[in-house]
Amino acid sequence: MNVRVGSNVSGKSRRSGELLAQKLYTEGIRDQRVLQAIAQSPRHIFVPEILAHKAYDNTALPIGQGQTISQPYIVAKMSELLLADGVPDSILEIGTGSGYQTSILTQLVAKVFSVERIKALQWQAKRRLQSIDLNNVSMKHGDGWQGWSSKSPFQAIIVTAAPTEVPKALLEQLADGGRLVIPVGTDTQILKVITRHGDEYKEQQVEMVKFVPLVPGALI
């Protein structure tokens with residue numbers, strides 16, 4: 001594997017990001033665009049300072065507000081699934097969270113639209129992304145179950161929390177031929193890829209996962 005590391009990462013974090021990308025390659029991630037984005041992203045800035053020493057481990061970590069930063073493997077896997085049919089012009093992300101998944105997406109597509117229900121998390125994520133010059137993202141404070149209808153349709157949608165069922169609004173906001181990557185379930189969650197073909201939706205089950213629940217509504 002040959003991972004090229006960009007200029008927005010330096011020193012120890014540059015090497016740590018590259019090692020993480022190499023680890024993900026051994027675990028089955030093959031898309032070089034995704035691996036390069038992982039290598040270039042300074043994951044330590046997306047976690048609480050007290051957990052920075054664990055930032056490049058392949059594990060989920062708490063970020064406050066009852067939320068987590070996803071395991072790098074699942075971030076990479078979901079990103080790879082989004083690109084399986086080609087690179088979309090834009091992506092809708094439901095659940096900005098720490099902004100780490102957002103940072104990967106902004107390196108892969110021209111425009112990212114990201115919705116977060118917790119205002120404090122959205123504000124922190126925006127500052128982090130700006131600090132590393134990732135500006136091709138528009139953020140909205142709102143209910144992820146409702147998506148972002150005024151910006152639809154989307155060629156790709158990614159959901160970083162698990163609803164009990166696939167939100168109808170997200171299916172409606174998916175462009176014809178577009179794909180939705182989403183974990184679904186409560187105690188048992190399955191990562192799914194749903195592809196739209198006109199008024200029909202084809203579903204593929206990928207693997208079992210564990211996410212925080214996708215809670216309806218928005219919090220100040």
Participant: What are the two closest heavy atoms between Pro167 and Leu214, and how far apart are they?
Facilitator: CG-CD2, 4.3 Å

Participant: Short question: side chain of Gln173, backbone of Trp148 - any donor-acceptor pair under 3.5 Å?
Facilitator: yes

Participant: A side-chain contact here means heavy atoms from C-beta on lying under 4.5 Å apart; do Ser79 and Gln101 qualify?
Facilitator: yes

Participant: Show your reasoning for whether side chain to side chain contact (heavy atoms under 4.5 Å, CB included) applies to Thr96 and Leu121.
Facilitator: CA-CA 8 Å; Thr96 313; Leu121 289 181; over 6 Å; no

Participant: Indicate yes or no: at least one non-hydrogen side-chain atom of Gln65 is less than 4.5 angstrom from one of Leu219.
Facilitator: no

Participant: Should the heavy atoms of other residues, nucleotides or ligands under 6.0 Å from NZ of Lys111 be counted, would the total exceed 12?
Facilitator: yes

Participant: Is there side-chain contact between Ile132 and Phe46, with at least one heavy-atom pair below 4.5 Å?
Facilitator: yes

Participant: Say whether Ile74 and Val184 are linked into one hydrophobic cluster, either directly or through other cluster members, by side-chain heavy-atom distances under 4.5 angstrom.
Facilitator: no

Participant: Is there a side chain to side chain contact (heavy atoms under 4.5 Å, CB included) between Ser70 and Tyr100? Walk through the geometry before answering.
Facilitator: CA-CA 8 Å; Ser70 293; Tyr100 178 63; over 6 Å; no

Participant: Looking at His141 and Ala218, what are the two nearest heavy atoms and their distance?
Facilitator: NE2-CB, 3.9 Å

Participant: Can you hop from Val87 to Leu180 via hydrophobic side chains spaced under 4.5 Å?
Facilitator: no

Participant: Does a sphere of radius 6.0 Å around CZ in Arg127 hold more than 12 heavy atoms from other residues, nucleotides or ligands, not counting ones at 6.0 Å or beyond?
Facilitator: no

Participant: Mind checking whether Leu108 and Ile91 have side chains closer than 4.5 Å, heavy atoms only?
Facilitator: no

Participant: Check for me, please, whether Leu134 and Trp123 land in the same ILVMFWY cluster - side-chain distances under 4.5 Å, paths through other members count.
Facilitator: no

Participant: I want to check something: taking the side chain as every heavy atom from C-beta on, are Arg15 and Leu19 in contact at a cut-off of under 4.5 Å?
Facilitator: yes

Participant: State, to 0.1 Å, how close Gly198 and Asp176 come at their nearest heavy-atom pair, and which atoms those are.
Facilitator: N-OD1, 2.7 Å

Participant: Between Ser41 and Ile38, is there a donor-acceptor pair closer than 3.5 Å when you use the side chain of the first and the backbone of the second?
Facilitator: no

Participant: Rounded to the nearest 0.5 Å, what separation is found between the CG atom of Leu129 and the OG atom of Ser114?
Facilitator: 8.5 Å

Participant: Do Val109 and Leu170 sit in one hydrophobic cluster, given that two such residues count as connected whenever their side-chain heavy atoms are within less than 4.5 Å of each other, even indirectly?
Facilitator: no

Participant: Check for a donor-acceptor pair, side chain of Thr160 on one end and backbone N or O of Gly95 on the other, with a separation under 3.5 Å.
Facilitator: yes

Participant: Heavy atoms only: give me the nearest Val209-Pro183 pair and the separation to one decimal.
Facilitator: CG2-CB, 3.8 Å

Participant: Do the rings of Tyr56 and His44 sit parallel, tilted or perpendicular, given the 30° and 60° boundaries?
Facilitator: tilted

Participant: Test Arg179 against every option in Leu174, Leu83, Thr195 by the side-chain contact (heavy atoms from CB on, under 4.5 Å) rule and name the one that passes.
Facilitator: Thr195

Participant: Is a side-chain donor-acceptor pair under 3.5 Å present for Thr102 with Glu93?
Facilitator: yes

Participant: I'd like to check Phe113 versus Lys140 (side-chain heavy atoms, cut-off strictly below 4.5 Å). Are they in contact?
Facilitator: no

Participant: So, taking the atom named CH2 in Trp145 and the one named OG1 in Thr164, what distance separates them when rounded to the nearest 0.5 Å?
Facilitator: 4.0 Å

Participant: If you look at every heavy atom in Gly147 and Ile94, which pair is closest and at what distance?
Facilitator: CA-CD1, 4.0 Å

Participant: Are any of the side-chain heavy atoms of Lys77 and Ile29 separated by less than 4.5 Å?
Facilitator: yes

Participant: At what distance, to the nearest 0.5 angstrom, does CG of Leu105 lie from CG of Leu82?
Facilitator: 6.5 Å

Participant: Whether the Gln107 and Gln40 side chains hold a donor-acceptor pair (N or O, under 3.5 Å, no angle test) is what I'd like checked.
Facilitator: yes

Participant: Nearest 0.5 angstrom please: Glu172 CD to Ser149 OG, how far?
Facilitator: 9.5 Å

Participant: Which pair of non-hydrogen atoms, one from Tyr25 and one from Leu35, has the smallest distance, and what is that distance?
Facilitator: CD1-CD1, 3.8 Å

Participant: Got Lys54 and Val47 here, is their nearest side-chain heavy-atom distance under 4.5 Å?
Facilitator: no

Participant: Just how far is it from atom CG of Asp199 to atom CG of Leu171, taken to the nearest 0.5 Å?
Facilitator: 11.5 Å

Participant: CD1 of Ile104 to CD of Gln36: how many Å apart, nearest 0.5 Å?
Facilitator: 10.5 Å

